[in-house]
Amino acid sequence: MKKLTIELNEQSRQALEQVRDTHAKAYMRERASAILQIADGRSGRWVAFHGLLKARRKNTVYEWARLYQEQGIKGLAIKEGRGRKPSFFPS
């Protein structure tokens with residue numbers, strides 16, 4: 001299997017560091033941290049098991065990396081309409 005690599009220019013690195021350090025949503029901070037660690041040479045597997053506050057599945061981290069490579073920082077955000085739908089609709 002080919003090793004995942006992400007190459008960042010200075011502007012992209014600064015943008016990811018900004019998200020990692022200050023974003024309002026914790027999941028965005030986590031995902032930015034994962035991308036930065038991969039860019040620094042860590043494997044996606046290592047990041048998944050050791051590089052984050054909570055262990056993740058390695059495929060999850062690889063999916064974040066793929067989304068980042070395709071869409072940039074916007075790709076790390078959870079898309080509108082995802083997740084559990086409400087089961088109770090008050091009148």
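- Of all the heavy atoms in Ala65 and Ile35, the pair that sits closest is CA-CD1, 3.6 Å.
- Two residues are said to be in side-chain contact when any heavy atoms from C-beta on lie closer than 4.5 Å; Ser33 and Leu52 meet this criterion.
- In the displayed structure, Glu7 atom CD is contacted under 6.0 Å by at most 12 heavy atoms of other residues, nucleotides or ligands.
- More than 12 heavy-atom neighbours from other residues, nucleotides or ligands sit within 6.0 angstrom of CZ on Arg29.
- Glu30 is not listed as a side-chain neighbour of Leu53, based on a closest heavy-atom distance of 4.5 Å or more.
- Minimum heavy-atom separation, Trp64 to Ala34: CE3-CB, 3.9 Å.
- Under the 4.5 Å side-chain criterion, counting only non-hydrogen atoms from C-beta, Lys58 is not in contact with Val47.
- Salt-bridge check for Arg66 with Glu63: passed, with a basic side-chain N closer than 4.0 Å to an acidic carboxylate O.
- Counting only heavy atoms from C-beta outward, the side chains of Tyr68 and Leu16 approach each other to under 4.5 Å.
- Rounded to the nearest 0.5 Å, atoms CD1 (Ile6) and CZ (Arg42) are 14.5 Å apart.
- Between Leu8 and Gln14 the shortest side-chain heavy-atom distance does not fall below 4.5 Å.
- Once rounded to the nearest 0.5 Å, the distance linking OG1 of Thr5 with CD of Gln69 reads 7.0 Å.
- The two residues Arg20 and Ala32 have their closest heavy-atom pair at N-CB, 3.8 Å.
- In this structure, CD in Gln71 is found 12.5 Å from CD1 in Ile73, a value given to the nearest 0.5 Å.
- For Thr60 (side chain) and Arg56 (main-chain N/O), no donor-acceptor pair under 3.5 Å exists by modelled atom type.
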Taking it one step at a time, do Ile38 and Val61 satisfy side chain to side chain contact (heavy atoms under 4.5 Å, CB included)? CA-CA 10 Å; Ile38 291 170; Val61 173; 3.8 Å; yes
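- Atom NZ of Lys74 sits about 13.5 Å away from atom CG of Leu67, to the nearest 0.5 Å.
- The backbone N or O of Leu76 lies less than 3.5 Å from a partner atom in the side chain of Arg31, making a donor-acceptor pair.
- Here ring-ring contact (aromatic ring centres under 6.0 Å, His included) pairs that include residues 22-61, with residues two or more places apart or in two chains, are Trp46-His50.
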